[in-house]
Amino acid sequence: MDYKDTDAALSTITYNKNEIEAATENIYEAISIISKRAEQINSDLKRELVDKLDEFATYNDSLEEVFENKEQIEVSKFYERLPKPHAIAVNEWLNDKVYHRTPETE
């Protein structure tokens, strides 16, 4: 999924509790689902960032030389400006983009 084109909030906002719990009729279950989705998004973004930063990696044994790569700094700043994973997860939840199911007990 492309998280760069999301319209999630960049800062903290207040959500309507009734909208959050509407799909499950239980606020705690809804928050649990959103939390798990935020963890998935966070791991995806982290993996993507590490892959991009590996392109700039220099492997030498000397700790004396530190290289400042402008492209590397720009990539890092871009990912810092993205909405936080929990904001993306809440946005997806409110727009019915999160699939969830409850396994039925036998």
Side-chain angles (χ1 to χ4, degrees):
M1 173 145 197
D2 191 21
Y3 303 114
K4 297 165 194 74
D5 296 330
T6 184
D7 58 345
L10 293 174
S11 63
T12 304
I13 62 171
T14 304
Y15 294 100
N16 184 347
K17 175 185 160 288
N18 296 330
E19 290 178 12
I20 297 287
E21 69 181 359
T24 61
E25 298 179 1
N26 184 333
I27 189 68
Y28 301 107
E29 185 177 349
I31 290 173
S32 176
I33 294 168
I34 293 169
S35 171
K36 289 175 185 176
R37 180 64 183 134
E39 288 175 14
Q40 291 173 343
I41 293 169
N42 188 43
S43 66
D44 289 348
L45 286 174
K46 185 174 181 178
R47 187 177 322 111
E48 187 176 314
L49 175 61
V50 168
D51 289 345
K52 288 189 179 189
L53 291 179
D54 277 345
E55 297 173 10
F56 302 108
T58 56
Y59 301 103
N60 57 4
D61 295 333
S62 174
L63 293 175
E64 297 170 4
E65 291 185 46
V66 175
F67 297 103
E68 287 188 16
N69 189 334
K70 292 196 184 284
E71 290 102 11
Q72 181 179 4
I73 293 170
E74 288 301 316
V75 167
S76 296
K77 284 183 179 179
F78 173 79
Y79 278 91
E80 287 176 4
R81 286 189 296 262
L82 285 177
K84 302 296 181 222
H86 66 272
I88 297 172
V90 170
N91 187 33
E92 288 180 355
W93 176 257
L94 292 175
N95 292 322
D96 295 326
K97 295 180 180 177
V98 176
Y99 171 75
H100 67 91
R101 63 184 175 89
T102 305
E104 297 172 1
T105 57
E106 294 183 23

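Note that the coordinates shown come from a computational prediction; the quantities given were computed from them, not determined experimentally. Along the sequence shown, residues are numbered consecutively beginning with 1.
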| field | Rounded distance [0.5 Å steps], CG in D44 versus CD in E39 | value | 12.0 Å
| field | Minimal non-hydrogen separation, V75 against K52, with atom names | value | CG1-CB, 4.2 Å
| message | Tell me the closest heavy-atom pair linking E19 and L94, and the distance in Å. | response | O-CD2, 3.8 Å
| said: Treating S76 as the side-chain partner and Q72 as the backbone partner, does any N or O pair qualify as donor plus acceptor under 3.5 Å? | reply: yes
| query | Any link between I34 and Y28 through a network of hydrophobic side chains (Ile, Leu, Val, Met, Phe, Trp, Tyr) touching at under 4.5 Å? | reply | yes
| request: Evaluate the side chain to side chain contact (heavy atoms under 4.5 Å, CB included) criterion for residues I33 and E29: first the C-alpha distance (whole Å), next the side-chain angles of each, then the deciding distance (0.1 Å), finally the verdict. | output: CA-CA 6 Å; I33 294 168; E29 185 177 349; 4.1 Å; yes
| Same cluster for Y15 and I41 if Ile/Leu/Val/Met/Phe/Trp/Tyr side chains link at under 4.5 Å? | no
| How close do H100 and A23 get, heavy atom to heavy atom, and via which atoms? | NE2-CB, 4.2 Å
| Shortest non-hydrogen separation from A9 to A87 and the atoms involved | O-CB, 3.5 Å
| Could you state the interatomic distance from NE2 (H86) to CD1 (I31), rounded to the nearest 0.5 Å? | 12.5 Å
| said: Using modelled atom types and a 3.5 Å cut-off, is there a donor and acceptor pairing between side-chain atoms of W93 and backbone atoms of V98? | reply: no
| query | What are the two closest heavy atoms between A38 and P85, and how far apart are they? | reply | O-CB, 3.5 Å
| message | I'd like to know if I13 and I20 are part of one continuous hydrophobic network [Ile/Leu/Val/Met/Phe/Trp/Tyr, side-chain heavy atoms within less than 4.5 Å]. | response | yes
| note | Rounded to the nearest 0.5 angstrom, the OG-CD distance for S43 and E48 is 11.0 Å
| Linked, directly or transitively: L82 and V90 (ILVMFWY side chains, under 4.5 Å) | no
| Does K97 offer a backbone N or O that forms a donor-acceptor pair with the side chain of N95 under 3.5 Å? | no
